[in-house]
Participant: 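Take this structure, written in structure tokens, and hold onto it; I'll ask about it next.
Just so we're on the same page: letters track the sequence lines, and every chain starts at 1. These numbers were taken from a predicted model, which means no experiment stands behind them.
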Amino acid sequence: MYLKSLIREKISKKYFDLFGSDPVEFTVEIPPQSFGDYSSNVAMVSAKTLKKSPKIIAQALIDAFQGDAEFELVEMAGPGFLNFKLSNTLYRNLIKKYAKKVDMPKAKPQKIQFEFVSANPTGPLTVGHGRQAVIGDILSRLNTAVGKNVTREYYFNDAGRQMKMLGHSTWIRYNELYGKKFEFEEDDYVADYLVDVAKSISEEYGDRYVNIWNDEVQSFFTSYASKKIFEWIKRTLEKLHVPFDVYFSEQTLYKTGLTDEAMKILKDRGYIYEKDDSTWFAVSKILSNEDDRVIIRKNGEPTYFFSDIAYMLDKYRRGFEKVYYIWGADHHGYIPRMLAVSKALGIPDEFFNVILHQFVTLKSGEEIVRMSKRHGDFVTLEDLIDAVGVDATRYFFAMMDPDTTLVFDVDLAKSKRMDNPVYYVQYAHARISSLMKNAREKGIEYEDASLGSISKDEGTIVREMDEFQDVVIAAIEQQKPQKICNYAYSLSEKFHSYYTDHRIVDPENMERSKDRLKLCTCVKNVLEITLSLIGVSAPDEM
RNA sequence: GCGCCCAUAGCUCAAUUGGAUAGAGCAACGGACUUCUAAUCCGUAGGUUGCAGGUUCAAUUCCUGCUGGGCGCGCCA
């Protein structure tokens, strides 16, 4: 970031001196392969406004750069690129900076919210939830790191029809323990995990509910089962190192009267009407292609959609400038109606944001494990974490673009072979720690390294280090956690390569050893902060 | 039928949100450990970026239309 902005500022200044105006937006980037250390397209993008050919503009800038000691070489290439070769002094200054501290880019201290996972306590978290949890967690970490005030929220419903089915299903399992057979109903949860819940009830309360089914029993089984399952969910999230600030219950919306308030606002604004004994929200009044939706059923019960309306109002009232809903791809159809809600409530457009992610399939060997929650035929997130470890779980969920379906290769995640990217990155960190230990044992102090030996070979690593802030910004702006993983890998790659070619700790050459150890300190610092953003540990030995 | 997402090396993925010769890993082949961790490194081979148009100095990237795959279109969430 520092090197790029230095070059950018210099170009702007020289451009202004030459042409009497500020240049239009241009890039400064690390070019492919051996085109120089940095390159800029400023001459090409300015061709139109200046009515000069790119090559003439480029040449004028190059002439202006003559005699600048911070650059060894500035030259033109291709259709008018400016290529820069940096002086070693610049690299030395940067190493001093990064050895002390890795700066985070700073953003406006907005109050924002990420709402994710939000699974109702009817069953354990699946690997799909895992992907969402990790995406939400990393985006939260990133935004917190750049200075935003982030609330991580989990929304859940612990009443209503779904919950009733849960209670009923548990009761059936409970009766089974006593040899009583009842039939499951249509939307009951037939999965095995409720057997454990039933056993737990049996141990605590004995047989007092066998063969007895009434409202009181229903409500007991529902609340017992949901409480038990919620404990399970929270335990899994803890294992995954995903904390939440707020667990928000849907019921709160009704208790606090926010539902009534939302209804009033929508009514006053003319978005509510009655039809077929139900109450409707006129989505089509805002988005003409969309269908209107029922918010109060014939039987007088509100739909979940109505709760979602009140919930959005609640979020807005709490003073968030932006809220992000993280949803699986199956929810994408929900976006238009929620957008309509935000408009109908008079909430500013930038408030409501959705981050979608595609599905997860598990792969073991050549076999693709398909998951179906209906048949209880799925792998729980907890099982996955137990099998491959939390670091690999998080890294694998994070390293793919949320927009693509993720094939989670369980064998690869488990493997400690060299093709596992988590270990590759962690190994780079461990290697550096080991070098430092080695230096300590030999009594080498490198705090005051002169950096006199730092040159081109180290430049590659320094430039990569200096990409850090830009990568963080890009990951946040584009909502792509995998950018951080790719960066961690790329920096590790450059370090491993450097390590192989250069002796770091060399008693025969103390000055050089100090310089290189200082460089390693920088890489270690950047790797540590990068891994912490992914939520993966940075081990000192492996 | 309508909507969202995806398509890049044999496989899994990148490509700094329009830049130069499209890059890594795995798999294949060949090399590097009496030397700080070989969980590593270096090299060879591998491509009409799904297809067809368009936009411009420049397209994997943007636009249009196809093809193929995933997901969704409930008074379920």
Side-chain angles (χ1 to χ4, degrees), chain A residues 4 27-35 39 41 44-45 47-48 53-54 77-81 83 118-120 122 157 160-162 165 187 276-280 289-291 293-299 301-308 328-336 356-359 361 363 399-405 407 409 412 415-424 426-428 430-431 433-439 441-442 467 470-471 473-474 477-478 480 482-483 485-487 489-490 492-493 495-507 513 516 541-542:
Chain A
K4 276 184 186 170
T27 61
V28 176
E29 51 193 23
I30 297 178
Q33 294 172 30
S34 54
F35 288 112
S39 76
N41 67 353
M44 279 133 69
V45 294
K48 251 186 200 145
S53 85
F81 283 101
N83 290 338
S118 295
N120 288 338
T122 56
N157 166 265
R161 207 177 90 89
Q162 258 196 82
M165 308 319 276
D187 289 323
D276 303 335
D277 299 324
S278 307
T279 306
W280 294 69
N289 292 337
E290 292 293 316
D291 295 334
R293 302 287 164 178
V294 169
I295 54 174
I296 310 286
R297 300 183 179 97
K298 273 179 196 154
N299 63 12
E301 284 199 15
T303 61
Y304 282 98
F305 179 49
F306 183 50
S307 305
D308 289 334
D330 55 336
H331 280 60
H332 82 265
Y334 218 65
I335 297 174
L356 284 179
H357 65 89
Q358 301 296 313
F359 281 5
T361 53
K363 191 180 122 186
M399 74 179 178
M400 308 289 196
D401 190 330
D403 277 342
T404 63
T405 42
V407 180
D409 188 332
L412 178 59
S415 88
K416 309 222 163 174
R417 298 195 320 259
M418 53 188 166
D419 50 341
N420 189 335
V422 198
Y423 292 109
Y424 184 88
Q426 289 184 320
Y427 183 50
R431 257 187 165 172
S433 293
S434 168
L435 287 169
M436 291 176 164
K437 190 173 158 216
N438 186 0
E441 281 165 1
K442 292 192 165 68
E467 288 294 292
D470 288 343
V471 171
I473 291 167
E477 278 179 356
Q478 299 167 39
K480 304 278 190 197
Q482 83 274 15
K483 302 242 170 209
C485 293
N486 292 338
Y487 175 71
Y489 193 91
S490 173
S492 302
E493 202 171 33
F495 171 74
H496 283 311
S497 177
Y498 179 83
Y499 175 93
T500 307
D501 290 341
H502 301 79
R503 175 95 200 161
I504 312 286
V505 180
D506 180 8
S513 298
R516 291 180 174 175
E541 49 188 44
M542 290 171 76

Participant: With the side chain of R293(A) defined as its heavy atoms from C-beta on, choose the nearest nucleotide among rC41(B), rG74(B), rC71(B).
Facilitator: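 Minimum distance to the R293(A) side chain belongs to rG74(B).
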Participant: Got V294(A) and F305(A) here, is their nearest side-chain heavy-atom distance under 4.5 Å?
Facilitator: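 When only atoms from C-beta onward are counted, F305(A) and V294(A) do not touch, as no gap falls below 4.5 Å.
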Participant: How is I30(A) classified with respect to the nucleic acid when contacts are heavy atoms under 4.0 Å: base, sugar-phosphate, or nothing?
Facilitator: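 Base contact - I30(A) has a heavy atom under 4.0 Å of at least one base atom.
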Participant: For atom C1', what is the distance between rC51(B) and rG46(B), given to the nearest Å?
Facilitator: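 Per the computed distance, 23 Å lies between those C1' atoms.
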Participant: Which part of the nucleic acid, if any, lies within contact of E493(A), taking any heavy atom under 4.0 Å across all strands shown: a base, the sugar-phosphate backbone alone, or nothing?
Facilitator: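 Sugar-phosphate, no base atom in range.
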Participant: Roughly how many Å is it from OH in Y498(A) to C1' in rC41(B), rounded to a whole number?
Facilitator: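 Distance, rounded to whole Å: 15 Å.
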Participant: Quick one: do N41(A) and T27(A) satisfy side chain to side chain donor-acceptor pair (under 3.5 Å)? Show the steps, please.
Facilitator: CA-CA 6 Å; N41(A) 67 353; T27(A) 61; 3.1 Å; yes
Participant: Could I get a table of every N or O pair under 3.5 Å where one atom is in the protein and the other is in nucleotides 18-20 of chain B?
Facilitator:
residue	atom	partner	partner atom	Å
rG19(B)	N7	N41(A)	ND2	3.2
rA20(B)	N6	S39(A)	OG	2.7
rA20(B)	N6	N83(A)	OD1	2.9
rA20(B)	N1	N83(A)	OD1	3.1
rA20(B)	N1	N83(A)	ND2	3.2

Participant: With the side chain of Y499(A) defined as its heavy atoms from C-beta on, choose the nearest nucleotide among rC57(B), rC36(B), rC76(B).
Facilitator: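 The nucleotide sitting nearest to the side chain is rC36(B).
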Participant: Under a 4.5 Å cut-off applied to non-hydrogen side-chain atoms, are R297(A) and S278(A) in contact?
Facilitator: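 Side chain of R297(A) against side chain of S278(A), heavy atoms only: no contact under 4.5 Å found.
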Participant: Looking at the base of rC75(B), is there any donor atom on it, or on the side chain of S278(A), that sits under 3.5 Å from an acceptor on the other one?
Facilitator: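 Flag set: donor-acceptor pair detected.
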Participant: In whole Å, measure the gap between the C1' atoms of rG47(B) and rG30(B) for me.
Facilitator: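 It works out to 23 Å between them.
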Participant: Given rA24(B), rC41(B), rC5(B), which nucleotide is nearest the side-chain atoms of Q358(A)?
Facilitator: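 It is rC5(B).
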Participant: Could you spell out the base pairing of RNA chain B as a dot-bracket line? Use Watson-Crick and G-U wobble contacts where both distances are under 3.5 Å, [ ] for crossing pairs, | for partners on a different strand.
Facilitator: (((((((..((((.....[...)))).(((((.......))))).....(((((..]....))))))))))))....
Participant: Going by heavy atoms in the side chains, are K480(A) and D403(A) under 4.5 Å from each other?
Facilitator: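 Result yes, sub-4.5 Å side-chain heavy-atom pair found.
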Participant: When you measure from the centre of the six-membered ring of Y499(A), is the NZ or CZ of R431(A) closer than 6.0 Å and no more than 45° off the axis?
Facilitator: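 Yes, R431(A) lies over the aromatic ring of Y499(A).
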Participant: Is S497(A) close enough to rC42(B) that one of its side-chain N or O atoms is under 4.0 Å from OP1 or OP2 there?
Facilitator: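 Result: yes.
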Participant: Rounding to the closest angstrom, what is the interatomic distance between rC62(B) and rG43(B) at atom P?
Facilitator: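 Result for the P pair: 32 Å, nearest Å.
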Participant: Just call it for E477(A): base, sugar-phosphate, or nothing, with non-hydrogen atoms closer than 4.0 Å on any strand.
Facilitator: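 No contact at all - E477(A) keeps every heavy atom at 4.0 Å or more from the nucleic acid.
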Participant: Rounded at 0.5 Å granularity, tell me how far CG in N486(A) sits from CE in M400(A).
Facilitator: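 Nearest 0.5 Å value for the CG-CE distance: 10.0 Å.
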Participant: Taking the same atom, P, in rU48(B) and in rG23(B), what whole-Å distance lies between them?
Facilitator: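 Here rU48(B) and rG23(B) have their P atoms 15 Å from each other.
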Participant: Of T500(A) and H331(A), whose closest RNA chain B nucleotide lies nearer the 5' terminus?
Facilitator: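 That would be T500(A).
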Participant: Check every strand shown and say whether A329(A) touches a base, only sugar-phosphate, or nothing at a heavy-atom separation below 4.0 Å.
Facilitator: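 Sugar-phosphate: the residue A329(A), judged by heavy atoms under 4.0 Å, touches backbone atoms but no base.
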Participant: Please report the distance separating the C1' of rC13(B) from the corresponding atom of rA27(B), rounded so that it comes out in whole Å.
Facilitator: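 The answer is 15 Å between these two C1' atoms.
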Participant: Can you tell me if Y424(A) touches the phosphate of rC41(B), counting only side-chain N or O atoms and a distance under 4.0 Å to OP1 or OP2?
Facilitator: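 Answer yes for this pair, as a side-chain N or O of Y424(A) is under 4.0 Å from OP1 or OP2.
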Participant: So which one's nearest nucleotide on RNA chain B is more toward 5', P402(A) or D291(A)?
Facilitator: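 Looking at the nearest nucleotide for each, P402(A) comes out on the 5' side.
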Participant: A428(A) near the nucleic acid: base, sugar-phosphate alone, or nothing, with a heavy-atom cut-off under 4.0 Å?
Facilitator: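 Nothing, no heavy atom under 4.0 Å.
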Participant: C1' atom, rC36(B) versus rA22(B): distance in rounded Å?
Facilitator: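 Taking atom C1' in both rC36(B) and rA22(B), they lie 37 Å apart.
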Participant: Do other residues, nucleotides or ligands put more than 12 heavy atoms under 6.0 Å from E541(A) CD?
Facilitator: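 Open.
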Participant: What I want to check is whether an N or O donor and acceptor connect the side chain of H332(A) with the base of rG3(B) at under 3.5 Å.
Facilitator: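 Side chain to base: pair present.
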Participant: Would you say that R293(A) contacts F306(A) through its side chain, given a criterion of any heavy-atom pair below 4.5 Å between the two side chains?
Facilitator: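 When only atoms from C-beta onward are counted, F306(A) and R293(A) do not touch, as no gap falls below 4.5 Å.
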Participant: rC41(B), rU16(B), rC36(B): which one has an atom nearest the side-chain heavy atoms of L435(A)?
Facilitator: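 The closest nucleotide is rC36(B).
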Participant: Regarding H502(A), tell me which of base, sugar-phosphate or nothing describes its non-hydrogen contacts under 4.0 Å with the strands shown.
Facilitator: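 Base contact - H502(A) has a heavy atom under 4.0 Å of at least one base atom.
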Participant: What nucleotide among rC75(B), rC36(B), rC4(B) has an atom nearest to a side-chain atom of N438(A)?
Facilitator: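 For the N438(A) side chain, the nearest candidate turns out to be rC36(B).
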Participant: Within the 4.0 Å heavy-atom criterion, would you say F305(A) contacts the bases, only the backbone, or no part of the nucleic acid?
Facilitator: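 Contact class for F305(A): none.
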Participant: Could you tell me the separation between the CG atom of N299(A) and the CG atom of D277(A), rounded to the nearest 0.5 Å?
Facilitator: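 It comes to 11.0 Å.
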Participant: Between D276(A) and K298(A), does any side-chain N to carboxylate O distance fall below 4.0 Å?
Facilitator: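 A salt bridge is absent here (no side-chain N lies under 4.0 Å from a carboxylate O).
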Participant: If you measure from NZ on K483(A) to CD1 on I473(A), what distance do you get to the nearest 0.5 Å?
Facilitator: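 Answer for the NZ-CD1 pair, K483(A) versus I473(A), is 12.5 Å.
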Participant: Could you give me the CA-CA distance, side-chain angles and deciding distance for L435(A) and R516(A), then say whether side-chain contact (heavy atoms from CB on, under 4.5 Å) is met?
Facilitator: CA-CA 10 Å; L435(A) 287 169; R516(A) 291 180 174 175; over 6 Å; no
Participant: So which protein N/O to nucleotides 7-15 of chain B N/O distances come out below 3.5 Å?
Facilitator:
residue	atom	partner	partner atom	Å
rA14(B)	OP1	D401(A)	N	3.4
rA15(B)	OP1	K483(A)	NZ	3.3

Participant: Does the side chain of I504(A) come within less than 4.5 Å of N438(A)'s, by heavy atoms?
Facilitator: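 Answer no - side chains too far apart.
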